[in-house]
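We count ligands from 1, going down the list as the structure has it; atoms in each ligand are counted the same way. The shown structure was predicted, so the numbers you read here are calculated from the model rather than taken from an experiment. Residues take their numbers from the sequence shown, with the count starting at 1.
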Amino acid sequence: MSAEDEENSPELPDLGRDLVVEESKPEVKKPPLYQVLLLNDDYTPMDFVVEVLEMIFGMDRQRATRIMLEVHTKGKARCGVYTYEIAETKVAQVSSYAQQHQHPLLSVMEEV
Ligand code: TYC
């Protein structure tokens with residue numbers, strides 16, 4: 001039997017013939033990321049902001065002080081980048097802790 005006959009033969013299974021191999025899409029996508037920004041105001045004490053940055057954003061004193069001063073002089077600064085639910089939790093923690101101490105300190109999240 002010639003190669004051509006074999007290709008057209010109705011009896012033979014078409015194992016491996018006309019096989020198209022496509023690469024599958026990656027199964028997992030990277031999640032979108034969100035930055036948490038701290039906003040300036042005229043009333044929250046600087047020491048309190050430094051405490052928040054240490055406690056909620058895990059910064060050491062030196063970094064927390066630098067970020068606090070950046071917020072104070074520029075109006076806002078990035079405190080960290082997280083997945084949606086972690087960023088949402090950080091914003092809620094800042095709000096809750098500030099309210100407990102009757103300071104107007106606010107943070108916001110935005111996709112990066
Ligand atoms: N501007 C505030 C003050 O002069 C300090 C401050 C810094 C407030 C950062 C909020 O996110 C902030 N006491």
### Query
If you count the non-hydrogen atoms of other residues, nucleotides and ligands that lie under 6.0 Å from CD in Glu85, is the total more than 12?
no
### Task
Output yes when the distance from some N or O of ligand 1 to some N or O of Thr44 is under 3.5 Å, and no in every other case.
yes
#### Entry: Numbered atoms and elements of ligand 1 in range of Leu39, under 4.0 angstrom, heavy atoms
10 (C), 11 (O), 12 (C)
### Heavy atoms of other groups near Gln102 CD, more than 12 under 6.0 Å
no
### Task
For Leu105, take its heavy atoms, then give the atoms of ligand 1 lying under 4.0 Å from any of them.
10 (C), 11 (O), 12 (C)
### Nitrogen or oxygen of Asp42 less than 3.5 angstrom from that of ligand 1
no
### Task
For ligand 1, note which part of Val71 has a heavy atom under 4.0 Å away: side chain, backbone, both or neither.
side chain
### Task
With rounding to the nearest 0.5 Å, note down the distance linking CG in Leu53 to CD in Glu51.
10.0 Å
### Query
Considering only protein heavy atoms, which is closest to atom 4 (O) of ligand 1, and at what distance to one decimal place?
His72 CE1, 3.1 Å
### Query
Would the number of heavy atoms belonging to other residues, nucleotides or ligands and lying under 6.0 Å from CD of Gln62 be above 12?
no
### Message
For a quick test of reading the model, state the closest non-hydrogen atom pair linking Pro31 to Thr83 and the distance between them.
### Response
CG-CG2, 4.0 Å
#### Entry: Sub-4.0 Å atoms of ligand 1 with respect to non-hydrogen atoms of Leu38
11 (O)
### Query
Please state which protein non-hydrogen atom is closest to atom 2 (C) of ligand 1 and give its distance, to 0.1 Å?
Asp41 O, 3.2 Å
### Top protein contact for atom 7 (C) of ligand 1, by heavy-atom distance
Asn40 OD1, 3.7 Å
### Task
Scan side-chain atoms only and decide if Gln99 and Ser95 contain a donor-acceptor pair under the 3.5 Å cut-off.
yes
### Euclidean distance, Phe48 CZ relative to Met68 CE, rounded to 0.5 Å
13.0 Å
